[in-house]
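For reference, the structure is listed below as structure tokens.
Read the numbers this way: they start at 1 and go in the same order the structure lists the ligands and their atoms.
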Amino acid sequence: MTNLYKSVPVRSSEITPKQVYLSRRDFMKAATVAASAALLAACAPSVTEMPQNAAPAPTSTATDELGNPVNTYEDITNYNNYYEFTTDKQGVAGLAKDFKTIPWTIEVGRLVNKPKTFGIDDLLKTFTQEERIYRLRCVEAWSMVIPWEGFTLANLLNMVEPTSEAKYVRFETVYRPDEMPGQKSPFYSWPYQEGLRLDEAMNDLTFLATGLYGEPNVPQNGTPIRLVVPWKYGFKSIKSIVKIELVAELPATLWNAIAPNEYGFYSNVNPDVDHPRWSQASERRIGELSRVPTLPFNGYGEQVASLYDGMDLNVNY
Ligand code: MTE
């Protein structure tokens with residue numbers, strides 16, 4: 001049987017024994033110094049150096065189901081899009097480090113039989129956490145391979161029982177301008193909101209991530225709970241969710257409202273439809289120097305292409 005995504009029952013931190021990743025850390029430091037000069041010339045992000053006394057970050061030799069190695073913990077946690085903090089990808093981690101995630105609740109409601117507000121601990125206890133190694137393809141044409149931990153959105157939705165009128169799912173990020181300086185910017189209609197069609201939301205790939213690399217999630221990656229929709233451009237994978245609503249009408253989304261000609265509601269990864277300002281045919285995997293071809297549906301077509309039967313995805317982008 002084809003392996004449609006990489007799901008492993010062990011934590012990534014257990015994949016690499018501690019003494020192996022400790023020695024690999026020295027190797028990575030040397031490689032980082034050598035690579036940084038070349039990367040800067042290519043206008044790519046520099047790889048972040050770890051502070052001397054920091055605990056070693058977990059590393060892993062795991063790959064996704066296509067054989068792509070997972071990105072380093074440093075890359076995943078130091079090159080982020082999180083406009084609530086800043087538009088500077090390498091500045092998010094610093095600005096988000098004191099973001100308060102305890103207590104945290106998610107309200108799940110509207111067109112459901114059993115609306116409920118969940119504490120994050122309830123979710124961690126109720127649903128078995130599994131690891132999924134997914135490719136993340138940003139609309140800006142960079143990508144990473146990330147070992148997430150969490151559970152499927154379908155698990156949560158089944159618990160609240162969507163009614164027959166529910167056709168879409170709407171997600172909302174926390175709104176705390178005092179802690180999230182980017183939310184003071186008048187250019188965006190905060191809070192960040194996103195949406196999926198109900199059948200997309202129920203697909204087995206659609207994941208709520210609570211952890212990363214076998215560790216609890218960190219603020220810059222969307223603590224304590226964020227969506228991961230691996231066949232869509234990364235902006236659909238909304239971070240730090242506080243509200244999930246089942247609705248009958250197609251929900252407004254932050255990026256679509258700002259630039260509907262650039263960011264469609266579906267936003268499935270599609271190498272044949274260019275962004276109006278750049279090509280989507282290839283992508284730069286963070287940590288690598290050369291570009292790789294972008295795959296339709298980010299390589300998950302076998303599992304999701306049928307959701308769009310009869311639709312022209314060049315029009316319904
Ligand atoms: N969610 C919120 N609330 N705010 C954001 O700015 N950025 C999106 C998405 N989710 C974003 C967000 C974009 S553009 C991408 S590519 C991914 O988060 C990046 O996720 P990562 O930083 O964990 O790699």
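The ring pair (Phe, Tyr, Trp, His ring centres under 6.0 Å) search around Tyr233 returns none, not counting sequence neighbours. In terms of the side chain to side chain contact (heavy atoms under 4.5 Å, CB included) criterion, Pro69 has no residue partners (sequence neighbours excluded).
Under a 3.5 Å cut-off, the side chain of Asn270 and the backbone N or O of Asp272 do form a donor-acceptor pair.
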For each nitrogen or oxygen atom of ligand 1, which protein N/O atoms lie closer than 3.5 Å, and how far apart are they, rounded to 0.1 Å?
residue: ligand 1; atom: 1 (N); partner: Lys239; partner atom: N; Å: 3.1
residue: ligand 1; atom: 3 (N); partner: Glu84; partner atom: OE2; Å: 2.9
residue: ligand 1; atom: 3 (N); partner: Thr173; partner atom: OG1; Å: 3.0
residue: ligand 1; atom: 4 (N); partner: Glu84; partner atom: OE1; Å: 2.8
residue: ligand 1; atom: 6 (O); partner: Tyr83; partner atom: N; Å: 2.7
residue: ligand 1; atom: 7 (N); partner: Asn81; partner atom: O; Å: 3.2
residue: ligand 1; atom: 10 (N); partner: Ser237; partner atom: O; Å: 2.9
residue: ligand 1; atom: 18 (O); partner: Arg226; partner atom: NH2; Å: 3.4
residue: ligand 1; atom: 20 (O); partner: Arg226; partner atom: NH2; Å: 3.1
residue: ligand 1; atom: 22 (O); partner: Asn80; partner atom: ND2; Å: 3.0
residue: ligand 1; atom: 22 (O); partner: Asn81; partner atom: N; Å: 3.4
residue: ligand 1; atom: 22 (O); partner: Lys239; partner atom: NZ; Å: 2.7
residue: ligand 1; atom: 23 (O); partner: Asn221; partner atom: ND2; Å: 3.0
residue: ligand 1; atom: 23 (O); partner: Arg226; partner atom: NH1; Å: 2.9

For residues 191-198, run the donor-acceptor check on the side chains, cut-off 3.5 Å, and write out each pair with its distance to 0.1 Å, sequence neighbours left out.
residue: Tyr192; atom: OH; partner: Phe235; partner atom: O; Å: 2.9
residue: Tyr192; atom: OH; partner: Trp255; partner atom: NE1; Å: 3.2
residue: Gln193; atom: OE1; partner: Arg170; partner atom: NE; Å: 3.1
residue: Gln193; atom: OE1; partner: Arg170; partner atom: NH2; Å: 2.9
residue: Glu194; atom: OE1; partner: Lys236; partner atom: NZ; Å: 2.7
residue: Arg197; atom: NE; partner: Asp199; partner atom: OD1; Å: 2.9
residue: Arg197; atom: NH1; partner: Tyr266; partner atom: OH; Å: 3.3
residue: Arg197; atom: NH2; partner: Asp199; partner atom: OD1; Å: 3.4
residue: Arg197; atom: NH2; partner: Asp199; partner atom: OD2; Å: 2.9
residue: Arg197; atom: NH2; partner: Leu307; partner atom: O; Å: 2.7

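Under the side-chain contact (heavy atoms from CB on, under 4.5 Å) test applied with Leu208, the options Thr152, Val228, Leu123, Ile241 reduce to a single match, Ile241.
Remark: Glu165 does not engage Lys167 in a salt bridge, criterion side-chain N to carboxylate O under 4.0 Å.
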